[in-house]
Enquirer: 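Below: one structure in structure tokens.
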Amino acid sequence: MFTTAKPIPSQASNSLPKDLFSAINELKKELKAVILAHYYQEPDIQDIADYIGDSLGLSQQAATTDKEVIVFAGVHFMAETAKILNPDKLVLLPDLEAGCSLADSCPPQEFAEFKRQYPDAIVVSYINCTADIKAMSDVICTSSNAVNIVNQLPKDRPIIFGPDRNLGRYVAQQTQRDLILWQGSCIVHETFSEKKIVQLKIEHPSAEIIAHPECEEPVLRHANYIGSTTALLKYSQQSPQDSFIVATEPGIIHQMEKEAPNKTFIPAPAMNNCACNECPYMRLNTLEKLYLAMKHKQPEIIMDESIRKAALKPIQRMLEMSK
């Protein structure tokens, strides 16, 4: 669905300046570029970004930017979404290998066959999917607006919800709708250990557990608050509590600590003694790669126009329904 438009630059052309922040800011002016970053990016990228947000906020920013170049510090489906919304702009992704386990769990051919089994169903697809899946959908949603989107759909129509089964289960509970779930999941949000979270709660009895709805149900049962990354950030600022156990990708903690420096944020532990709660795809992007992408105007997102147009309609429907 995407590729580089030029050969990979030679190693000799990849020399780095001493001050990457200044160099990136200069390139930003030169290219008339905007840097959009997800909360799960490394702190340096968050600090250089013009806008930091979750999938809904990033989509809204991509839809309204007047800049000529969009540098997307996230994963490929996010950069695809920016390109779908901005076909005439240059959209750069620092590392083309920055994929998504959830998007990968929903192959287009298999999803098309799944969809054929329910010909009367409305297809609601979580934005964490490829452009091919978006093109097969009636409306896109994010974790911020999924409940709102489903609540606006006709009560007499069945609904296919994909690709995340955990978010789908949560939305079904909140809306009291019987959703037909595609059985996909996110490797990061599946790794949280219920046992270790309970142990953390015992060690920190005053801490609130806040969780993303992509987490599995046993983890969500212990949560004091469930919400998107943006919602978790706002809740942690507004809550009178001074400590939180955070069950989502720990990149968000950088913003939480900046917004509430006097509070304590504890990343929820994974099942194994590893950094599995860090998204390996999000972390492929680095400040160095971001600079090189801007310097060489590569890697560029390039899309098939027929897929882009088909995927645009459900995204526009989401943005309209989210106003």
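Being a predicted model, the structure only gives us computed values, none of them experimental.
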Enquirer: Calculate, to the nearest 0.5 Å, the distance between atoms CG and OG1 belonging to Leu36 and Thr81 respectively.
Expert: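 One gets 11.5 Å once the value is rounded to the nearest 0.5 Å.
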Enquirer: Is there a donor-acceptor pair closer than 3.5 Å between any side-chain N or O of Ser101 and the backbone N or O of Ile187?
Expert: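 Yes.
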Enquirer: Take Glu320 and Arg317, measure what salt bridge (Lys or Arg N to Asp or Glu O under 4.0 Å) needs, and give me the verdict at the end.
Expert: CA-CA 5 Å; Glu320 291 165 4; Arg317 196 165 294 126; 5.9 Å; no
Enquirer: If only atom types and distance count, is the side chain of Arg308 paired as donor or acceptor with the main-chain N or O of Pro87 below 3.5 Å?
Expert: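 No; judged by distance alone, with no hydrogens or angles, the pair does not exist.
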Enquirer: For Lys309, give me all partners under salt bridge (charged side-chain N to carboxylate O under 4.0 Å, His left out), at least two apart in sequence or on another chain.
Expert: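 Expected list: none.
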Enquirer: To the nearest 0.5 Å, tell me how far Leu93 CG sits from Ile301 CD1.
Expert: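 Spacing of CG (Leu93) from CD1 (Ile301) equals 5.0 Å.
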Enquirer: Kindly indicate, with the supporting measurements, whether the criterion side chain to side chain contact (heavy atoms under 4.5 Å, CB included) is fulfilled by Asn285 and Glu42.
Expert: CA-CA 8 Å; Asn285 295 313; Glu42 65 174 43; over 6 Å; no
Enquirer: Do Asn145 and Ser322 have a side chain donor and acceptor closer than 3.5 Å?
Expert: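 Note: Asn145 and Ser322 side chains meet the donor-acceptor criterion.
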Enquirer: Please determine, by modelled atom types, if Thr175 and Asn151 share a side-chain donor-acceptor pair under 3.5 angstrom.
Expert: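 Per modelled atom types, Thr175 and Asn151 side chains form no pair under 3.5 Å.
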Enquirer: Check whether any side-chain heavy atom of Asp19 lies under 4.5 Å from a side-chain heavy atom of Pro17, and answer yes or no.
Expert: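 Sidechains of Pro17 and Asp19: no contact.
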Enquirer: Less than 4.0 Å between a side-chain N and a carboxylate O, is that true for Lys89 and Asp66?
Expert: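 Judged by the 4.0 Å cut-off on N to carboxylate O distance, Asp66 and Lys89 do not form a salt bridge.
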Enquirer: Output yes when Lys28 and Asp50 qualify as a salt bridge under the 4.0 Å nitrogen-oxygen rule, no when they do not.
Expert: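 Judged by the 4.0 Å cut-off on N to carboxylate O distance, Lys28 and Asp50 do form a salt bridge.
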Enquirer: Check whether any side-chain heavy atom of Lys258 sits under 4.5 Å from a side-chain heavy atom of Asp47, and report yes or no.
Expert: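 Counting from C-beta outward, Lys258 and Asp47 do come under 4.5 Å.
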Enquirer: Can a donor-acceptor pair be found, under 3.5 Å and without considering hydrogens, that links the side chain of Asn86 to the backbone of Asp88?
Expert: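 No; zero donor-acceptor contacts below 3.5 Å.
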Enquirer: Quick check: does any side chain N or O of Thr286 sit under 3.5 Å from a backbone N or O of Lys289, one acting as donor and the other as acceptor?
Expert: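 Yes; at least one donor-acceptor contact below 3.5 Å.
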Enquirer: Would a single hydrophobic cluster contain both Ile140 and Leu153, if residues Ile, Leu, Val, Met, Phe, Trp and Tyr are joined by side-chain heavy-atom contacts under 4.5 Å?
Expert: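 Same hydrophobic cluster.
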Enquirer: Gln255 vs Ile52, test: side chain to side chain contact (heavy atoms under 4.5 Å, CB included). Steps then yes/no.
Expert: CA-CA 9 Å; Gln255 292 301 316; Ile52 312 158; 3.4 Å; yes
Enquirer: Using 0.5 Å steps for rounding, measure from the CD1 atom of Ile122 to the CZ atom of Arg157.
Expert: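 These two atoms lie 4.0 Å from each other.
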Enquirer: Looking only at atom types and distance, does a side-chain atom of Lys196 sit under 3.5 Å from a main-chain N or O of Met271, one as donor and one as acceptor?
Expert: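 A pair under 3.5 Å: yes.
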Enquirer: Looking at Ser144, is its backbone amide N or carbonyl O close enough to the side chain of Thr142 to form a donor-acceptor pair, meaning the two atoms are under 3.5 Å apart?
Expert: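 Present.
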Enquirer: Donor-acceptor pair, Glu300 side chain versus Lys297 backbone, under 3.5 Å?
Expert: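 No, Glu300 side chain to Lys297 backbone: no donor-acceptor pair under 3.5 Å.
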Enquirer: What pairs of residues pass the ring-ring contact (aromatic ring centres under 6.0 Å, His included) test when at least one of them lies in residues 120-149, not counting sequence neighbours?
Expert: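 Those involving residues 120-149 do not exist here.
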Enquirer: Apply side chain to side chain contact (heavy atoms under 4.5 Å, CB included) to residues Leu31 and Glu68 and explain how you reach the verdict.
Expert: CA-CA 7 Å; Leu31 297 174; Glu68 296 178 8; over 6 Å; no
Enquirer: Donor-acceptor pair, Gln237 side chain versus Glu259 backbone, under 3.5 Å?
Expert: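 Looks like no, no N/O pair under 3.5 Å.
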Enquirer: State whether the number of non-hydrogen atoms from other residues, nucleotides or ligands found under 6.0 Å of Lys263 atom NZ is greater than 12.
Expert: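 Counting other residues, nucleotides and ligands, NZ of Lys263 exceeds 12 neighbours.
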Enquirer: Kindly indicate whether the side chain of Leu85, heavy atoms from C-beta on, has any atom under 4.5 Å from the side chain of Ile315.
Expert: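 Yes, close enough: below the 4.5 Å cut-off.
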Enquirer: May I ask you to test the Thr248-Thr229 pair for a side-chain heavy-atom distance under 4.5 Å?
Expert: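 Heavy-atom side-chain distance check passes, below 4.5 Å.
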Enquirer: Decide yes or no on side chain to side chain donor-acceptor pair (under 3.5 Å) for Asp54 and Thr230, but give the supporting numbers first.
Expert: CA-CA 6 Å; Asp54 60 11; Thr230 295; 2.9 Å; yes
Enquirer: As an exercise, state the distance from CG of Asp104 to CG of Asn128, rounded to the nearest 0.5 Å.
Expert: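 If we round to the nearest 0.5 Å, Asp104:CG and Asn128:CG are 11.5 Å apart.
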Enquirer: Should the pair His189 and Tyr40 be assigned to parallel (<30°), tilted (30 to 60°) or perpendicular (>60°) ring geometry?
Expert: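 Tilted.
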Enquirer: Taking Thr64 for its side chain and Gln60 for its backbone only, find out whether a donor-acceptor pair lies under 3.5 Å.
Expert: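 Side chain of Thr64 to backbone of Gln60: a pair is present.
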Enquirer: Take atom NZ of Lys234 as the centre, draw a 6.0 Å sphere, and report whether it contains more than 12 heavy atoms from other residues, nucleotides or ligands.
Expert: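 No, the 6.0 Å shell around NZ holds no more than 12 heavy atoms from other groups.
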Enquirer: Strictly by modelled atom types, are Glu249 and Gln41 linked by a side-chain donor-acceptor pair under 3.5 Å?
Expert: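 There is no such pair (donor and acceptor under 3.5 Å, judged by atom type) between the side chains of Glu249 and Gln41.
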Enquirer: Heavy atoms, side chains only, cut-off 4.5 Å: are Cys129 and Lys134 in contact?
Expert: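 Of all side-chain heavy-atom pairs linking Lys134 with Cys129, at least one is under 4.5 Å.
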Enquirer: As a quick check of understanding, evaluate ring pair (Phe, Tyr, Trp, His ring centres under 6.0 Å) for Phe161 and Trp182, giving each step before the final call.
Expert: CA-CA 6 Å; Phe161 189 98; Trp182 176 267; over 10 Å; no
Enquirer: May I ask you to test the His38-Met78 pair for a side-chain heavy-atom distance under 4.5 Å?
Expert: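 In contact.
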Enquirer: Would you call Arg165 and Glu190 a salt bridge, taking side-chain N to carboxylate O under 4.0 Å as the test?
Expert: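 Yes, this pair counts.
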Enquirer: Output, in order, the C-alpha distance, side-chain angles, deciding distance and verdict of side chain to side chain donor-acceptor pair (under 3.5 Å) for Glu217 and Tyr170.
Expert: CA-CA 8 Å; Glu217 195 168 20; Tyr170 173 77; over 6 Å; no
Enquirer: Out of curiosity, Thr130 OG1 to Phe111 CZ, how far, rounded to the nearest 0.5 Å?
Expert: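 Here the interatomic distance stands at 9.5 Å.
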Enquirer: Would a 4.5 Å heavy-atom cut-off, applied to side chains only, mark Ile35 and Leu290 as touching?
Expert: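 Sidechains of Leu290 and Ile35: in contact.
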Enquirer: Does any part of the side chain of Val188, heavy atoms only, come nearer than 4.5 Å to the side chain of Glu278, both counted from C-beta?
Expert: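 Result no, sub-4.5 Å side-chain heavy-atom pair not found.
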Enquirer: Is the number of heavy atoms from other residues, nucleotides or ligands within 6.0 Å of CD (Gln117) greater than 12?
Expert: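 Yes, the 6.0 Å shell around CD holds more than 12 heavy atoms from other groups.
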Enquirer: Would you say the side-chain atoms of Glu97 and Tyr281 include a donor-acceptor pair closer than 3.5 Å?
Expert: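 Per modelled atom types, Glu97 and Tyr281 side chains form no pair under 3.5 Å.
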Enquirer: Is the closest basic N to carboxylate O distance between Lys83 and Glu80 below 4.0 Å?
Expert: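 Salt bridge absent between Lys83 and Glu80.
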Enquirer: Verify whether one side chain among Ser143 and Glu214 offers a donor that lies under 3.5 Å from an acceptor in the other.
Expert: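 No, Glu214 and Ser143 have no side-chain donor paired with an acceptor closer than 3.5 Å.
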Enquirer: Are Leu319 and Phe77 connected in a single hydrophobic cluster, I mean Ile/Leu/Val/Met/Phe/Trp/Tyr linked by side-chain heavy atoms less than 4.5 Å apart?
Expert: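 Yes, it is one cluster - the side chains of Phe77 and Leu319 are joined through contacts under 4.5 Å.
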Enquirer: Linking I/L/V/M/F/W/Y whenever their side-chain heavy atoms sit closer than 4.5 Å, directly or via other members, would Leu167 and Met282 fall into one cluster?
Expert: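 They do share one cluster, since a chain of ILVMFWY contacts under 4.5 Å joins Leu167 to Met282.
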Enquirer: Might you work through the side chain to side chain contact (heavy atoms under 4.5 Å, CB included) test for Tyr225 and Ser236, ending with a clear yes or no?
Expert: CA-CA 10 Å; Tyr225 181 79; Ser236 68; over 6 Å; no
Enquirer: Between Asp138 and Val123, is there a donor-acceptor pair closer than 3.5 Å when you use the side chain of the first and the backbone of the second?
Expert: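 Flag set: sc Asp138 to bb Val123 pair under 3.5 Å.
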Enquirer: Return the CD1 to CG distance between Ile253 and Leu232, rounded to the nearest 0.5 Å.
Expert: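 Reported to 0.5 Å precision, the distance equals 10.5 Å.
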Enquirer: Indicate if Ile127 and Leu181 have the same hydrophobic cluster label, given that clusters are the connected sets of ILVMFWY residues with side-chain heavy-atom separations under 4.5 angstrom.
Expert: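 Same hydrophobic cluster.
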Enquirer: List in chain and number order the residues that pass side chain to side chain contact (heavy atoms under 4.5 Å, CB included) with Thr264, two or more places apart in sequence or in another chain; answer none if no residue qualifies.
Expert: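 For Thr264, the residues satisfying side chain to side chain contact (heavy atoms under 4.5 Å, CB included) (neighbours in sequence not counted) are Ser243, Ile266.
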Enquirer: Does a sphere of radius 6.0 Å around CG in Asp178 hold more than 12 heavy atoms from other residues, nucleotides or ligands, not counting ones at 6.0 Å or beyond?
Expert: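 Atom CG in Asp178 is not crowded, with 12 or fewer foreign heavy atoms closer than 6.0 Å.
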Enquirer: Mind checking whether Tyr51 and Met256 sit in one hydrophobic cluster, side chains of I, L, V, M, F, W, Y counted as touching below 4.5 Å?
Expert: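 Yes; Met256 is reachable from Tyr51 via cluster members.
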